[in-house]
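A quick write-up on the structure given underneath.
As a basis for the values below, the full set of heavy atoms in this structure was taken, side chains included, without hydrogen atoms, waters or symmetry mates.
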Number of protein chains: 2
Amino acid sequence: MTATDDTGFDEAAHDDLTSRARIRNAALHQFAAKGFAGTPLRAIASEAGVAVGLIGHYFRSKEGAREGVEQWIVGLFAAALERADSQSDGRVADVAARDASVAAMLNDNPLVVDYLRRQVLELPTDGKLISRLASLSLESVEAMRNAGHASASRHPVEQVVTAMVRQLGRLFLQPLVDQIVDAFPEDEQPTKHPELRVEVKTAQ
Amino acid sequence: MTATDDTGFDEAAHDDLTSRARIRNAALHQFAAKGFAGTPLRAIASEAGVAVGLIGHYFRSKEGAREGVEQWIVGLFAAALERADSQSDGRVADVAARDASVAAMLNDNPLVVDYLRRQVLELPTDGKLISRLASLSLESVEAMRNAGHASASRHPVEQVVTAMVRQLGRLFLQPLVDQIVDAFPEDEQPTKHPELRVEVKTAQ
DNA sequence: TAAGCAGTTGAAAGATTGTTCAATGCATTG
DNA sequence: CAATGCATTGAACAATCTTTCAACTGCTTA
């Protein structure tokens with residue numbers, strides 16, 4: 001009766017979460033793991049421990065389920081930014097504080113990172129989620145500008161690109177490093193996987 | 001009768017290429033654009049200008065078509081490396097020459113980059129293609145070691161990781177930069193998209 | 001010409017998919 | 001208790017997918 005779970009995904013919260021939340025979590029997990037086109041609704045229903053029909057009840061369609069997932073992710077980012085502000089002395093947090101807050105959120109939600117990675121590399125899709133996060137980041141930058149926490153001379157779009165790519169780029173590329181290292185026999189691997197640094201060379 | 005082609009993919013070579021090659025090219029294009037699960041065999045057949053059945057004839061199955069594509073890609077990399085050697089004065093080319101040769105090949109085959117981007121960042125798939133390319137790169141590094149063209153003190157696996165990630169990482173992340181920039185209205189965008197630099201910080 | 005063969009076709013079969021919907025359980029309210 | 005409403009189910013449906021295969025083409029060979 002319980003959903004088969006060879007995925008290692010957290011199932012302990014099954015009892016406490018509403019069906020709607022479990023469906024959203026399962027969709028996030030499946031989309032991140034197998035991609036949107038690669039996940040049948042039945043797989044989501046199975047992981048969430050519900051019937052297929054319930055997905056159509058809460059979210060209108062499969063596309064609606066994707067929208068629900070992305071809305072939730074946008075909320076996570078917004079909450080992380082607000083948290084940084086509320087814990088700051090002044091009315092607006094500085095760059096480092098916001099970076100740390102978002103980094104902590106991403107660290108707590110590795111599936112969000114996996115989902116974003118896919119979303120970014122799948123260029124065909126309109127990339128609406130990235131647009132939304134970019135808007136969020138722009139507001140953040142402008143708030144810091146007004147508070148005198150960010151350089152007012154640099155182009156605001158450049159600041160957004162720098163902030164997002166520096167943060168996400170390292171996370172997106174890490175699997176590549178791991179895959180390459182894992183391609184070698186264990187006794188040839190270095191003890192510690194190399195770390196990445198992604199820099200944005202602002203346009204000359 | 002001719003396949004509809006709103007994709008902008010090169011169709012001029014249709015006449016000169018064998019059906020098998022056209023199927024392989026179409027599969028590469030479709031997989032890179034829509035993903036493996038997102039591409040029906042009919043789309044490949046349509047772009048290649050053949051009947052669906054012919055795909056099953058040349059490649060055993062859809063999975064077989066993927067294998068055919070990846071085998072071809074591995075061949076491209078191997079050829080690029082050999083080309084660097086043959087154009088070198090000594091018996092073995094140095095790092096820069098090999099980098100340039102592979103970079104030129106990737107520049108001539110942007111669809112290969114798109115395909116690799118998907119393949120690499122998809123953790124679920126076994127990542128066999130990356131393993132093969134890593135092996136290829138290792139041979140390359142060892143050849144250069146023997147020729148005295150590469151540092152013999154650094155860990156060989158680290159050298160492979162550095163070479164691959166520096167080269168591919170920038171290409172993989174560029175769409176992220178473009179997506180973010182395009183998320184803003186045109187009059188706010190900088191004239192030139194920012195460029196990326198990806199560095200591998202070798203393990204401490 | 002007849003026979004054979006590789007290349008190619010497209011219809012058919014069988015499996016899987018997203019969506020819909022009548023029916024059930026289970027509370028809460030009148 | 002009766003009735004109303006929401007949560008949930010799972011079968012049914014239509015569409016689409018992959019795979020298979022008998023048949024057709026054009027060409028080479030005996």
**Prompt:** Between A:Glu63 (CD) and C:dT19 (P), how many Å, whole number?
**Reply:** 9 Å
**Item:** Separation of C:dA11 P from B:Leu54 CG (nearest whole Å)
**Value:** 16 Å
**Complete:** Winner on side-chain proximity to A:His57, out of C:dT9, D:dT9, D:dT8, is D:dT8
**Message:** Without decimals, in angstroms, what is the distance between B:Ile55 CD1 and D:dT19 P?
**Reply:** 10 Å
**Fill in**
B:Arg145 meets the salt bridge (Lys or Arg N to Asp or Glu O under 4.0 Å) criterion, sequence neighbours left out, with none
**Prompt:** Hey, are the side chains of B:Phe31 and B:Leu111 touching, using non-hydrogen atoms and a 4.5 Å cut-off?
**Reply:** no
**Request:** Taking only the side-chain nitrogens and oxygens of A:Ser19, find out if one of them lies under 4.0 Å from OP1 or OP2 of D:dT8.
**Result:** yes
**Request:** Decide yes or no for B:Ile73 and B:Leu28: does some side-chain heavy atom of the first lie under 4.5 Å from some side-chain heavy atom of the second?
**Result:** yes
Which atoms of nucleotides 12-18 of chain D (N or O only) lie under 3.5 Å from a protein N or O atom, and what are those distances?
| residue | atom | partner | partner atom | Å |
| --- | --- | --- | --- | --- |
| D:dT18 | OP1 | B:Lys62 | NZ | 2.9 |
| D:dT18 | OP2 | B:Leu41 | N | 2.7 |
| D:dT18 | O4 | B:Arg42 | NH2 | 3.4 |

**Prompt:** salt bridge (Lys or Arg N to Asp or Glu O under 4.0 Å) with A:Glu186: which residues, sequence neighbours excluded?
**Reply:** none
**Fill in**
When rounded to whole Å, the CZ to C1' distance for the pair B:Phe59 and D:dT20 reads 18 Å
**Asked** How is B:Gly53 classified with respect to the nucleic acid when contacts are heavy atoms under 4.0 Å: base, sugar-phosphate, or nothing?
**Response** base
**Asked** With a 4.5 Å heavy-atom cut-off, do A:Phe36 and A:Lys62 have their side chains touching?
**Response** yes
